[in-house]
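A note on names: the letters A, B, ... follow the listed sequences, proteins ahead of strands, and every chain is numbered from 1.
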Amino acid sequence: MSTQPLPPSAVQTSPGLARTRHILGLVVTHGLLLTGAAFILLPFVWMLATSIKPPDEVFTATFSLWPKRFYGVENYSYALTAAPLLRFALNGAILCGGILIIQLLVAIPCAYALAKLRFPGRDVLFVLVLLGLAVPVQVPALPLYIGLANLGLLNTYFSMMVPFFLSVFAIFLLRQFFKSFPDDIIHAARLDGMSEFEIVWRVVTPSAWPAIAAFSVFSIVAHWNDLYWPLIVITDASLAPPPLGMMFFANAETGSNYGALTAAATILTAPLVITFLFARRQFIQGITMTGVK
Amino acid sequence: MARVELRALAKSFGAVPVLSGIDLDIADGEFLTLIGPSGCGKSTLIRMIAGLEPQTSGSISIGGVSIDHLRPHERRVAMVFQSYALYPHMSVFSNIALPLTMQRLSLWERLPLIKLLSSRRRRVMPEIAREVRAIAEQLQIEHLLDRRPARLSGGQRQRVALGRAMVRHPDVFLMDEPLSNLDAKLRVHMRTELAELHQRLKTTFIYVTHDQVEAMTMSDRVAMMDAGRILQLGTPTELYERPINIKVASFIGSPAINLLKAKVGHDGYIELMDRRLTLQTPLEPGADVTLGIRPEAMFPASSEEIRTGRASLPASLRRKENLGSEFILHFDVAGPASVVARVPAGPVVQAVNGSVELSFDVAACHIFNEQGERIEPNPLDSCELSRPRTLVASGGGV
Amino acid sequence: MARVELRALAKSFGAVPVLSGIDLDIADGEFLTLIGPSGCGKSTLIRMIAGLEPQTSGSISIGGVSIDHLRPHERRVAMVFQSYALYPHMSVFSNIALPLTMQRLSLWERLPLIKLLSSRRRRVMPEIAREVRAIAEQLQIEHLLDRRPARLSGGQRQRVALGRAMVRHPDVFLMDEPLSNLDAKLRVHMRTELAELHQRLKTTFIYVTHDQVEAMTMSDRVAMMDAGRILQLGTPTELYERPINIKVASFIGSPAINLLKAKVGHDGYIELMDRRLTLQTPLEPGADVTLGIRPEAMFPASSEEIRTGRASLPASLRRKENLGSEFILHFDVAGPASVVARVPAGPVVQAVNGSVELSFDVAACHIFNEQGERIEPNPLDSCELSRPRTLVASGGGV
Amino acid sequence: TPLLAETTLDVLYPQPSFAKFHEPIAQEFMKRHPDIKITFRAPVANYDEGHQVMLRQTVTNQLPDLYFSGFHLQTELVNALLKRQQITEIGPFLDAEPAEWRSANYSEKIIDLGRVNGKLYGMPVNASTPLMYFNEELVKKAGGDPRKMPDTWEGVIALAAKIRDVSPGVAGLSYNVHDWPDDWLFRALIHQSGANMLDASGTKVAFGGEPGLKALTYLRRFVTETGMPLIDFDSSRQQFTAGQTGILFETPARLRQITDLVGNKFTLGTAVFPVDDKAKGGLPTGGSSAVITARDPAKQKAAWEYVKFMTGPEAQKIVVEITGYLPTNKLASGPEFLGPYYDANPNFKTITYQTDRSVPWQGYPGGSSVRIWRLQRDIINGVMRGETPPQAGLDRLVKETTALMQ
Amino acid sequence: MGFAFPAFLLLLVIIITPLIVLFYLSLTDYELGALDFRSVGLGNFQKAMSDPVFRRSLWNTVLYVSIVLPGAVGLGLLVAVLVHSRKRTRSFYEMIYFLPVTSTLIAMATVWQVLLHPRLGPINAFLRQIGIGEVAFLSDPSLALPTIAVIGIWQLVGFNMVLFLAGLSAIPKDLYEAAEIDGCANGIDRFLTITWPLLGPTTMFVIITTSITAFKVFDTVAVMTRGGPAGASEVLLYAVYLEGFQYFHTAYAAALTIIFLVFILIFSVIQTFVIDRRVHY
Ligand SMILES: Nc1ncnc2c1ncn2[C@@H]1O[C@H](COP(=O)(O)OP(=O)(O)OP(=O)(O)O)[C@@H](O)[C@H]1O
Ligand SMILES: Nc1ncnc2c1ncn2[C@@H]1O[C@H](COP(=O)(O)OP(=O)(O)OP(=O)(O)O)[C@@H](O)[C@H]1O
Ligand SMILES: [Mg+2]
Ligand SMILES: [Mg+2]
């Protein structure tokens, strides 16, 4: 059991080397991250730059960030007045809010049942849920459209929301989360006289809010930006959500006012960025706790 | 009044039997502890009493009334969980008040917003608050009522969990390892508090633990379980002094009982390492037996002369553990086996070293047959008392 | 050779000082335990020695050479974590082999796929395997080498963690509460194994715990820490028998030492509940003192007659805890305070009830002044020895 | 004079940006017809999407009362709607109007654009033929005369090659046929040589010979000789407005937008689309026609009123000024209406010089026009890239088109 | 159970019934707007198998997935690892990398077109500077799909980063410390010894969600290249869209949809297997 000397090849750290290594590490890390960030930001920089340019400066032979003529006021006021942008944002909020609320109302009890209750057909249901995860809206679009038409429900907020009422992703995420919820607390609640209904909403749900926050970000981002389905079911412009509204600017056949277009894009992206900013901490914590790891 | 009777209770998970044939009568106001190794079914049993897990067969009654068909909250039992199971998003006050609001308010009166409309609620809530405060005072947690459980220490959480159980004035308290999440010091302290609570409330307590110290110190009776059955039921002293088999003997007591292989000699006397002991059993000569000797029953022979009714073993000291007030001595003996003795601190034990004779009181030996069951020695007649002396090798000492 | 010296070591997290002015010499081959309440900085100290946390000031040297600038793996220390920190995705073999492969193979020889090309690797690996097997044999885990940590029991994981530390043949073993995740029985067992390992390896061990039993039973010396400083450094017996202040006295020993308020009388003798004890201190008359009396030093007076050098207190029994081999008796005394006595099991203690006189050996009292520091009593001259007898109220008893 | 009770017309139009003329026209109309209320559905992105929406809505009975169909999809739409009797023939309404009014407002050639199977189902609302845009500075630098731009393809190619040579990095011309969503630009190259896509029977490919080969050869030469970049049409337009392309062929509907995007960077000029066969050469007419899908006679009547207004000179003036389209009303170009505007904006007037070349743009039989064009486009793309020689490309074009026409 | 009932009902109405309808349609020759149709058995499926356009879209999709998958997962992991070790700048980087997830594609498509413009775009300006010359990213048939894929990566990196960050924060810190003592001195060693193996389950999840997302690529293609040039970027869902909504071959589109679903389901099955019994160490 004699101790062996360190192998001669091992170069020992000197105090100076340690510092150099630390600084070098910082340079490499930030170098990589900033390079990536530049790539990520490039479109946004162009978007912001364009949103303050007059039309004749949008396309020039040499690229410049700052316009010769500041046109931001015009572009933004045009974006806000030419189409009811705030109305679109409001529609987007109603749409996202409505979808989110129903998604949660449906997914939470289902996820709870999948995670904590034993009932026949549970595994079949779970497999179906996973199947649902793979189906994009494009797939059931046509039958749904015809169904809604027969019910006379086209061109309503409801018709825009209905295909998304069931979020299999939410069920999956929340099920993972609920699985780690202590059984003891549920037992305690039963002993205290709570019904299963109350257990779900008064005990399990309040503790799941990081996961709910995480899911909300996913859901809001997806439905705020969804174009495909509203395009199909909406014929009334006053119900249009943001991307549909954006089409008023992005249309290719005639005057695309790029300045106003990017201004509108900026205005309509901002709420999402702000949402993420606020939910960021819970978001990552929430995903961590859902066992998606 | 709150006598708990379990009759032929059994439970299987799927095809796996977990509990079988549990018969148990727990008197009103008794403190009964279920003890046993991990996985033996203690939690399952207590949860069946609470109604959280349906039994496969058998019946449970409280106060003479069968409760098999009752839902958990109708059973008039309260449970304290190992994890405390406090509602993490509610204040301590709400945690304790919850069972009462559930009991006394209708669903409508509990719904958010709608509840504000109820005038009955406005009448009932102050009552509940009064009761909660009374309980909190008893447990000395009044100052914590506004906190969330996350901001409490382990001991405080423990008390809140107790409060939540007490507020319902249940007929039976069920506790599933309520102290095992606490650190050693706090555990000792809470042990006392629980025992005193029991004395004060005089309610039936069914207490689950796998810590034999808890079982010994708090209980009126202890039921030692293993593999889904009750091995022995009795007072702590009975279990310690007359364990019915090796499992019970070695589970109870710390350091654990020393178990030594021995044989029944041709005349029925037990021979341990070729030394004949003044212990006679009804077993066949030549049968293998196991002798159980508690560590505190052994000490190095040099520390006192070998007296009547004692025997000794040659042993060599391997390690001494100083606990301050006492020493745990680890010896190697022939077998090869190791033997532990527990000796009060003092100059004598300090001096122990190398080979010694380990002396023990023959009357304190527990005898177990090959199946591990306890065998009572034959009573010794007076003439036997003098004979063994010659058999005891006089101690080598330090 | 592997003497560890800490000089004026200090650490702050931001502006918060966590350790200050730690000076400690640990001899080669010594088993030193750091003990202290939670948050006192034990982990921080040991992590600084390992190089996982940079110190704010001061220096650390091992074997006389400063290691302040060395990275953790260059320090020739090995660490066993409370959580074991085994690599969950590697087999036991790979877990133990990892430090060696890191040491002996270059980065290329470790890269996935590329490593297969190295011929040196093919030469080195069998050597490593041999060493790993040797360690595994020592720890009796050869049969587990292919398993993943998740499939091991607590004690087995513990051993693997030890193996991983041992395989590097470090100069110093650092262990941060390595036993606290084990259950009570296993903890007792592993305590012995660790102590024996130390005896065999004769390497320096620095061991962190907050369990005083571990500290007492295994260490050559114990450093009791509090709030980032070392309160007392000494052998276990020193700490138990001569704690330098109340904190040390009450941290060490279980059940905890009884602390009783007393006063210095006009002639320098200590008066406890108006009874004068045969203890004289150099303190001013009228000063407040605290008397520390270990539970094992007290017993109900009726159980033996009160002898020279003993005193007694009127007390009333609140609760008896039966531990099988002994009883813990809880008394209420005037103050109001509570006092714990620890008495071997026996018919006498069984009979104790109601009001008793609690007798204790005056020489076994620890005296602490108002600042909580230990005060040595003046040596008693022979004539003093007889006087106090009249002062001791003769016990009421059962 | 409310001869009708309040009638509401549900109108759907493609191209959201057309809101700029649809809205004011509807306002004006409602002022004049207080008994008719115009409500717009959310506009659809383009003619193709609009077509899909209409077809879906035939199935679900959600059709609007009035729709503006792209000319190239008109035939298919009408046929699909006829199957379910969901379309109203416009002919009877028009015939009921006074003859002199009709001849004063519409040229029969324009009205013919709305005929399907010989019956009038669509009333042409806006029309366009491809237009040449150019950068006057670049043209001048290359020795060209902005007021006398070449009117043959050889001439254009020569000028564009010059432009490229004298201004390095600049593309000579851009003719985005390889990327165009429909076959408008390809047809233009066939029609301009006096040929036709289909023979008189309307069932056989007619561009297989000389005209097709010539068109494909021109296209290849655009790339090789004039440095035309093979990029998408958005990018082409952007490059032109940035002053990096000499000549651009585009729809006049973009004139307003391009004028704005160019601003003061260079002088924008427009010229007529070069036509090799000055006698027979034609140009396919893009744009849209109003299609009445209302079922209720009162609504049909109201819809006809609206269509009349929409194709009237006041409304057409608005349409032209906002887009650059060719007006479909004869009076609109007159001095009362667009005259002064054209004088002030000569670039907008150019399109009127090629009015007479308008020929109808009709789909292929068999209902696979969209698919046929996608296939043709891929082949043309290959020819322009030089992957396929023009003759081989032409052979494939004929073969595949014929196959899909069944 | 009552709790799962609303979800089950919606599942039935929103997903299962339409799928059944779709499957039924795929066995007919229905065209949108047609008044009658008849059964053609598996004819549509046979046709799909021999349809070169469909085969090309299948191949394009596979190519797209095979670029996006390693790119978005690898870069997401790299960014997550780098960001995770930051303290003060962490939220800054998280925000930036998450931006594309929140952006509206309609606007971003135009922006990308301009950025990638061979003549006017800043990217080509940069390439010209370093002497590579103009690259027609979106119009060169060999580059269009990879370019769309890069944009796909751009959209997904932030999303995957967040998932990986969640995975990283679940790795016990003391493992890194143990590794450091054991001699894992540099980042590469630590990554290979701890991070990568312990991120296994996260990686599986990310790979599966990323591949499903990548299989579902539609918007970017529809908005930016419309399948061009010369079909070089025509992907599965776009082909389905063309058949269903441009050519109105509803039944054939339904058959293609079913094939698409089968493809994607293979991944879901893997997900069921791996995630639920995920590599539990
Ligand atoms: N829901 C369940 N399904 C299947 N088996 C179960 C279930 N719950 C418990 N068991 C099994 O029943 C046995 C008894 O479990 P139980 O929890 O009652 O043990 P315990 O005595 O409380 O142990 P511990 O001291 O570890 O808490 C164990 O073997 C366990 O694996
Ligand atoms: N990274 C850190 N940042 C700030 N404070 C810290 C950090 N790590 C430890 N501390 C603080 O330093 C003090 C000492 O912590 P340390 O972990 O050393 O305690 P300990 O004695 O090991 O306690 P325990 O017995 O609970 O493990 C604590 O008050 C803790 O809050
Ligand atoms: Mg249990
Ligand atoms: Mg610690």
What pairs with C:S94 under side-chain contact (heavy atoms from CB on, under 4.5 Å), at least two apart in sequence or on another chain? C:M90, C:S91
To the nearest 0.5 Å, what is the distance between CZ (C:R110) and SG (E:C184)? 7.0 Å
The ring-ring contact (aromatic ring centres under 6.0 Å, His included) partners of E:Y93 (sequence neighbours excluded) come to A:H30
Under 4.5 Å from any heavy atom of chain C, what part of E:L192 do you find: side chain, backbone, both or neither? side chain
Side chain, backbone, both or neither: which part of C:Y87 has an atom under 4.5 Å from a heavy atom of chain E? both
With side chains defined as the heavy atoms from C-beta onward, is the minimum distance between E:T193 and C:M102 less than 4.5 Å? yes
Heavy atoms only, distances under 4.5 angstrom: which of E:D189, E:I188, E:N186 has the most pairs with chain C? Name it, please. E:D189
Write down the atom of E:L175, the atom of C:P88, and the distance for their closest heavy-atom approach. CD1-CD, 3.8 Å
Taking the side chain as every heavy atom from C-beta outward, state whether C:R168 and E:D182 have any atom pair closer than 4.5 Å. yes
Could you look at C:A165 and say if it's the side chain, the backbone, both or neither that has a heavy atom under 4.5 Å from chain E? neither
Got E:I181 and C:H73 here, is their nearest side-chain heavy-atom distance under 4.5 Å? no
Answer with side chain, backbone, both or neither: which region of C:L100 has an atom nearer than 4.5 Å to a non-hydrogen atom of chain E? neither
Within residues 38-53 of chain C, which positions have a heavy-atom distance to chain E below 4.5 Å? C:R47, C:A50, C:L52
Tell me every residue that passes ring-ring contact (aromatic ring centres under 6.0 Å, His included) with C:F31, counting only those two or more places apart in sequence or in another chain. C:H198, C:F205, C:Y207
OG of C:S83 to CD of E:E177, rounded to nearest 0.5 Å, is 9.0 Å
